[in-house]
Amino acid sequence: MRSRLFWILAIIYSSLHHIGSGSTSTTLKRPRAGDPFDTFPKNFWQEFSSPFTDTPEDEELEVTETTTHEPFPFFADPYTKLNISTQLSSSVYLHCRVNDLQGKTVSWMRRRGEDLTLITFGQHTYSGDSRYSLEFEEPNDWKLLIQFANERDEGPYECQVSSHPPLVLLVYLTIIVPHVEILDERGSATPEKYYKAGSTIELQCVISKIPHPSSYITWRHGPRLLNYDTSRGGISVKTDMLPGRALSRLYIANANRQDTGNYTCMLGNDITETVVVHVLNGEEPAAMQHANGNRVQASLLATMVVFFVVY
């Protein structure tokens with residue numbers, strides 16, 4: 001920089017010297033031999049006539065463009081589709097874990113074909129169904145709670161993040177309806193069961209398709225709960241919760257006519273099965289008489305066929 005300044009001052013001095021000598025030429029000429037400017041580099045005049053820059057020769061100006069992007073929201077779990085199963089009448093959570101939300105909003109939608117229905121927006125619930133609600137769990141879980149799930153709740157749900165483009169997590173909810181069947185002591189299913197007075201009533205309730213048992217199995221005689229009944233005596237209930245199924249046995253000792261009626265096995269309030277029990281004091285019910293009559297007629301017919309074949 002200092003050498004350049006010196007050259008400029010020298011040129012100004014030389015120009016003034018030529019002007020003072022009466023020179024009319026405007027062309028820059030190399031000085032004569034012996035001139036004090038002979039010590040300048042040979043390319044000095046060429047460099048001076050070029051466009052001048054104040055930038056040092058040995059330094060290069062590097063311009064690097066840097067762009068800082070704000071963090072983009074993303075789902076904490078490594079999937080965008082999820083299948084959830086729950087039992088009829090139970091409560092279920094649909095999870096949506098979002099990291100780096102950065103002020104964006106999380107919403108839950110219910111999809112039916114091409115239609116989307118808003119359920120929650122942020123921490124506010126907009127569904128008219130009070131069974132739906134939003135529960136936020138730190139640090140990042142936006143949970144949709146569905147209480148008393150029924151078969152109409154089955155289908156696809158979407159968790160959406162209001163980014164650009166939006167993030168979508170698809171959750172498919174399956175409602176499992178347990179199968180209930182009441183069997184007798186021989187393991188036979190029948191809508192009606194006959195017992196003699198003084199005998200022991202034994203009924204088995206078999207419930208299958210239970211992914212998550214969420215309630216106890218109860219027995220009722222009409223409206224009366226039998227599981228904890230102590231007024232009659234001789235009543236016992238034994239229940240076994242097995243993987244994916246349950247087995248409950250009802251025993252009523254020394255049956256009498258007052259034990260006649262409807263017996264219902266219940267899982268929760270919506271899963272039920274009923275059988276009719278008859279307690280008889282020595283007499284045969286009409287159904288048993290009809291069956292015995294059919295057996296007698298069949299026996300007589302077989303005897304007659306054998307008689308005619310032999311003779």
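The side-chain heavy atoms of Ile210 and Leu267, taken from C-beta on, include a pair separated by under 4.5 Å. Under the 4.5 Å side-chain criterion, counting only non-hydrogen atoms from C-beta, His278 is in contact with Glu192. The closest side-chain heavy-atom distance from Pro191 to Val275 is not below 4.5 Å.
Note that the CD1 atom of Ile252 and the CG atom of Asn254 stand 11.0 Å from one another [nearest 0.5 Å]. Atom-to-atom distance recorded for Leu82:CG and Asp77:CG is 8.0 Å, nearest 0.5 angstrom. Taking CZ from Arg152 and CG from Asp129, the interatomic distance works out to 8.0 Å, rounded to the nearest 0.5 Å. Rounding to the nearest 0.5 Å places CG of Leu118 at 9.0 Å from CD of Gln160. The OG1 atom of Thr120 sits 13.5 Å away from the NZ atom of Lys143 when rounded to the nearest 0.5 Å. Atom-to-atom distance recorded for Thr239:OG1 and Leu247:CG is 8.0 Å, nearest 0.5 angstrom.
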Throw together a table of side-chain donor-acceptor distances under 3.5 angstrom for residues 99-109, partners on residues two or more places apart or in other chains.
from, atom 1, to, atom 2, distance (Å)
Asn99, OD1, Asn140, ND2, 2.7
Trp108, NE1, Trp142, O, 3.1

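For His221 (side chain) and Thr260 (main-chain N/O), a donor-acceptor pair under 3.5 Å exists by modelled atom type. Remark: side-chain polar atoms of Asp259 are not paired, donor with acceptor, to backbone N or O of Ala197 under 3.5 angstrom. The backbone N or O of Pro223 sits less than 3.5 Å from a side-chain atom of Arg220, completing a donor-acceptor pair. A donor-acceptor pair is defined here as one N or O able to donate and one able to accept, closer than 3.5 Å; such a pair exists between the side chain of Ser163 and the backbone of Pro165. When atom types are taken as modelled, the side chain of Gln204 and the backbone of Arg249 share no donor-acceptor pair closer than 3.5 angstrom. The backbone N or O of Gln147 sits less than 3.5 Å from a side-chain atom of Arg131, completing a donor-acceptor pair. Under the 3.5 Å distance criterion, the side-chain polar atoms of Asn83 are left unmatched by any main-chain donor or acceptor of Val171.
Across every non-hydrogen atom of Arg257 and Val279, the tightest pair is CD-O, 2.9 Å. Between Ser90 and Thr86, the closest heavy-atom pair is OG-OG1, 2.7 Å. For the pair Glu181 and Ala189, the tightest heavy-atom approach, listed with the atom from each and the gap, is OE2-CB, 3.5 Å. For Ser85 against Ile176, the heavy-atom pair with the smallest separation is CB-CD1, 4.0 Å. What you find for Met241 and Ile217 is that their closest heavy atoms are CE-CG1, 4.3 Å.
Both Val98 and Leu94 are members of a single hydrophobic cluster when ILVMFWY side chains are connected at heavy-atom separations under 4.5 Å. Clustering ILVMFWY residues whenever any of their side-chain heavy atoms sit less than 4.5 angstrom apart, transitively, puts Leu226 in the very cluster that holds Ile201. Linking Ile, Leu, Val, Met, Phe, Trp and Tyr residues whenever their side-chain heavy atoms come within less than 4.5 Å places Leu167 and Leu169 in a single cluster. There is a path of hydrophobic side-chain contacts, each under 4.5 Å, that joins Ile207 to Val177. Under the 4.5 Å side-chain contact rule for hydrophobic residues, Tyr263 and Val237 share a cluster.
Defined by atom type and a distance below 3.5 Å, a donor-acceptor pair is present between the side-chain atoms of Thr274 and Thr264. Donor-acceptor pairing under 3.5 Å is recorded for the side chains of Trp219 and Ser248. Checked by atom type, the side-chain pair Tyr132/Asp153 shows a donor-acceptor distance below 3.5 Å.
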Between Ile84 and Tyr172, is a side-chain contact (heavy atoms from CB on, under 4.5 Å) present by the stated rule, with each step listed?
CA-CA 6 Å; Ile84 298 292; Tyr172 194 94; over 6 Å; no
So Leu250 and Glu202, side-chain contact (heavy atoms from CB on, under 4.5 Å) or not? Walk me through it.
CA-CA 6 Å; Leu250 170 66; Glu202 180 181 346; over 6 Å; no
Run the side-chain contact (heavy atoms from CB on, under 4.5 Å) test on Ile119 and Leu144 for me, step by step, so that the C-alpha distance in whole Å, both residues' side-chain angles and the decisive distance to 0.1 Å come before the verdict.
CA-CA 9 Å; Ile119 302 175; Leu144 177 64; 3.9 Å; yes
Test log, rule side-chain contact (heavy atoms from CB on, under 4.5 Å), inputs Val168 and Cys159
CA-CA 6 Å; Val168 178; Cys159 175; over 6 Å; no
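Cation-pi geometry between Lys193 and Tyr195 is met: under 6.0 angstrom from the ring centre, within 45 degrees of the axis. Cation-pi geometry between Arg110 and Tyr157 is met: under 6.0 angstrom from the ring centre, within 45 degrees of the axis.
The 12-atom threshold is exceeded at CZ of Phe74, counting heavy atoms of other residues, nucleotides or ligands nearer than 6.0 Å.
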